[in-house]
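Notes follow once the structure below has been shown.
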Amino acid sequence: MAEEPGVATVTAARDGDQRALDDLVSGYLPLVYNIVGHALGGHPDTDDVVQETMLRAVHGLPGLRDPAGFRSWLVVIAMNQIRLRHRDHQRLPITGPVPEDVADPGADFVDLTIMRLQLSGQRREVVTATRWLSEDERELLSLWWLEAAGRLTRAEVATALELTPQHTAVRVQRVKAQLDAARIVVRTLERTPRCPELAYIVAEWDGVPSPLWRKRIARHSRDCARCERCGRDLASVEGLLARLPLVPLPAALGFDPATLTGSHVAITQVTSAPATGGKVSLLLKGALVKPVAAAAAAVLAAGIVVAVLPSGEEPVARAIPVATAESTTSSPATTTSSVPSSAPSATTTSAKPVPPPAVPVTASVKKGVSTWKFDGVGKALTDVRAGWYYNWAAHPDGIATPPNVEFVPMIWGTKFTDDATLAKAKANGKVLLGFNEPDFPDQANMTPEQALDLWPKLAATGLRLGSPAVAHSGDKAGGWLDRFMSGAAQRGLRVDFVAVHWYGSDFSDAAVGHLRNYLAAVHARYGKPIWLTEYSLIDFSGGTARFPTQAQLAAFARGSSAMMEGLPYVERYAWFALPAEKPGTGLYTPGGTPNEAGEAYRAAG
């Protein structure tokens with residue numbers, strides 16, 4: 001997209017230059033259309049608000065004192081018009097027949113955007129998630145996303161919101177959190193089969209997205225051991241938007257700015273030669289905009305929200321090349337295999353069923369897997385030669401545990417410390433895993449002190465008890481795990497072994513050494529046996545999760561297993577994860593067939 005007009009163009013337009021006015025309106029109309037369109041959620045009123053914004057800007061231009069501040073001034077006008085539309089909409093009762101302006105429920109703008117832009121993966125999820133935001137949240141996001149895309153500055157956003165930059169930063173963080181919650185809601189509702197507890201919660205929901213139901217469903221997803229995986233791999237919105245252009249306006253229509261000061265607005269057809277009449281009049285005449293704006297607004301508005309790619313690019317998530325991390329403990333340990341990736345992977349390719357080995361093999365006592373219920377889970381658990389598994393729950397949750405494979409229960413978070421759940425855990429295992437990634441807000445989300453207060457309830461089961469499994473920095477003095485272990489010692493609480501997670505961003509052969517160094521450092525700090533309850537190779541440093549190739553995963557599976565089998569202080573280790581339902585680090589495709597990494601992990605140990 002061409003650069004926005006500069007100060008010279010603004011000055012010339014202010015002084016009456018008709019061509020400069022043409023260029024000024026044409027240059028800034030896409031920006032206004034994106035702001036208004038997204039703030040209004042693609043409502044048909046979008047074109048009216050855009051029209052009024054541009055008319056007010058053109059009529060007020062002679063009084064603009066500082067041409068360098070034109071863009072900021074224009075954005076303020078747009079936001080004022082958006083707020084005015086919201087106020088009018090709230091106080092205007094609807095009686096009698098439904099007005100023609102009301103959005104057609106059958107022409108959902110989000111669906112239209114997804115279809116036209118062929119969005120998939122996290123980009124589709126972001127578009128869909130916007131349905132769950134309130135009007136105020138959409139207003140702010142309409143500005144912040146343009147800032148993230150490099151089209152506005154933070155100062156301009158703050159001015160439009162009538163806030164200080166500091167207050168704006170706080171508001172932006174809050175709304176980004178709501179957007180992420182909405183993305184989790186989208187995943188949770190789309191997950192099949194639907195969680196029974198979720199089905200009970202939404203039984204009275206009318207199917208219309210709203211902030212209230214967003215909170216209820218997000219709360220369930222956060223607290224449910226089955227659904228909490230839906231929030232594990234959310235890519236940074238900044239990463240999705242960083243290199244996105246504004247969505248262009250329809251190219252076949254034009255306008256004459258000279259007519260804005262009169263009562264008649266001329267419409268001209270754009271030809272290959274420059275037209276004296278200008279380029280965008282259709283968008284400044286309400287009676288003529290209506291036929292096309294309903295469709296255009298959605299693409300224009302929602303397009304800036306999502307990863308609308310430049311012409312010719314495939315609308316799929318791409319791996320972002322990043323520098324290899326020097327420290328293996330600094331990468332976030334958000335864990336999932338649900339992010340679409342361009343990295344070659346056999347996890348999404350259907351394969352013919354492979355019969356289990358004819359000769360019985362002995363499973364490694366140390367080697368395990370994390371899993372959830374999927375098609376073929378029983379066959380996969382038998383075939384992978386794991387000695388144990390867990391599913392982040394207190395009971396197998398419908399998974400048929402094969403003979404000679406141990407199920408290990410977990411108390412995932414605060415919600416699961418009730419007597420009934422603890423009794424289930426005691427009835428289903430001999431060892432108990434503590435809280436899951438309490439150092440992450442979207443996981444168990446507990447302070448060390450909160451975990452310590454609840455710990456006696458876990459210890460009362462009498463089961464062998466592992467520490468809470470931190471996502472990262474388990475070897476660091478003053479870190480979450482260090483504070484918990486120190487507190488446990490001071491209170492005289494029992495911790496039989498230390499559980500940790502590890503994800504490597506270095507996909508080379510050096511990854512095995514990085515993992516070994518981390519385990520050695522954790523053992524040196526606490527002097528207790530170690531259970532590595534989640535581990536694999538995922539690079540989160542680029543904003544979007546980047547996955548290894550199958551060959552890299554297979555090599556790491558072989559090397560890491562051999563290394564840990566030889567470390568006496570490592571009692572157990574579990575790959576993340578057994579299912580390969582989506583691109584990522586899974587081992588077995590639906591039906592229980594191993595991919596290349598699965599075959600390597602099966603043979604390891």
Crowding at [atom1], [X] (>12 non-hydrogen neighbours, <6.0 Å):
X	atom1	value
K215	NZ	no
D418	CG	yes
R174	CZ	no

Could you go through the side-chain contact (heavy atoms from CB on, under 4.5 Å) check for D453 and R491 one step at a time?
CA-CA 10 Å; D453 290 343; R491 300 190 190 193; 2.7 Å; yes
Can you tell me how far apart [atom1] ([X]) and [atom2] ([Y]) are? Round to the nearest 0.5 Å.
X	Y	atom1	atom2	result
Q550	E599	CD	CD	9.5 Å
N391	M410	CG	CE	9.0 Å
H523	L567	NE2	CG	9.5 Å
E565	M563	CD	CE	10.5 Å
W575	S560	CH2	OG	5.5 Å
T401	N428	OG1	CG	8.0 Å

Considering all heavy atoms of both residues, which atom of [X] and which atom of [Y] are nearest to each other, and what is their separation?
X	Y	answer
F547	P583	CE1-O, 4.0 Å
R558	A600	NH1-CB, 3.5 Å
L463	D496	O-OD2, 4.2 Å
A444	F435	CB-CB, 4.4 Å
E449	R483	OE1-NH2, 3.5 Å
G586	N595	O-ND2, 3.0 Å

One thing to verify: whether [Y] and [X] come together as a salt bridge, which I'm taking to mean a side-chain N less than 4.0 angstrom from a carboxylate O.
X	Y	value
R214	E137	yes
R525	D482	yes
K415	E197	yes

Determine whether a donor-acceptor pair (N or O, by modelled atom type, separation under 3.5 Å) exists between the side chain of [X] and the backbone of [Y].
X	Y	result
S221	C227	yes
T549	Q552	yes
R191	C230	no
K367	A604	yes

Distance alone, cut at 3.5 Å: any donor-acceptor contact between the side chains of [X] and [Y]?
X	Y	value
W455	Q450	no
D136	S134	no
D383	Y588	yes
W144	E139	no
T188	H220	no

Could you walk me through whether K424 and D419 pass salt bridge (charged side-chain N to carboxylate O under 4.0 Å, His left out), step by step?
CA-CA 9 Å; K424 286 182 180 179; D419 292 343; over 6 Å; no
Applying side-chain contact (heavy atoms from CB on, under 4.5 Å) to T533 and V500, what does each step give before you reach the verdict?
CA-CA 6 Å; T533 51; V500 293; over 6 Å; no
Is the ring centre of F556 less than 6.0 Å from the ring centre of Y535?
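Ring centroids of F556 and Y535 are less than 6.0 Å from each other.
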is_close_aromatic(F407, Y389), centroid dist under 6.0 Å
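So the answer is yes for these two rings.
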Under a 4.5 Å cut-off applied to non-hydrogen side-chain atoms, are [X] and [Y] in contact?
X	Y	answer
R222	Q443	no
E437	H472	no
L587	P594	no
Y526	S467	no
I217	W132	yes
F497	L433	yes
M485	K528	yes
R385	S364	no

Should V408 and R572 be marked as a side-chain contact (heavy atoms from CB on, under 4.5 Å) after you check the CA-CA gap, both sets of side-chain angles, and the distance that decides it?
CA-CA 11 Å; V408 177; R572 301 280 181 95; 4.1 Å; yes
How far apart are the C-alpha atoms of R187 and E125, what are their side-chain angles, what is the distance that settles it, and do they pass the salt bridge (charged side-chain N to carboxylate O under 4.0 Å, His left out) test?
CA-CA 8 Å; R187 291 185 177 184; E125 291 171 353; 2.9 Å; yes
Apply side-chain contact (heavy atoms from CB on, under 4.5 Å) to the pair R226 and W392, showing each step before the final yes or no.
CA-CA 8 Å; R226 176 179 297 183; W392 299 275; over 6 Å; no
Walk me through it: do F576 and H501 pass the test ring pair (Phe, Tyr, Trp, His ring centres under 6.0 Å)?
CA-CA 10 Å; F576 181 86; H501 294 171; 8.6 Å; no
Aromatic rings F416 and W412: how do their planes relate, parallel, tilted or perpendicular, breaks at 30° and 60°?
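It falls in the perpendicular class, over 60°.
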Under 3.5 Å, side-chain donor or acceptor atoms of residues 201-212 against the rest of the protein: list the pairs with distances, not counting sequence neighbours.
residue : atom : partner : partner atom : Å
W205    : NE1  : V208    : O            : 3.0
D206    : OD1  : V208    : N            : 2.9
S210    : OG   : W213    : N            : 3.3

Taking W531 as the fixed residue, which of Y390, Y573, W388 is the one that meets the side chain to side chain contact (heavy atoms under 4.5 Å, CB included) rule?
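Passing option: W388.
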CA sep, side-chain torsions, deciding dist, call: K373, D397, salt bridge (charged side-chain N to carboxylate O under 4.0 Å, His left out)
CA-CA 8 Å; K373 189 175 181 180; D397 194 23; over 6 Å; no
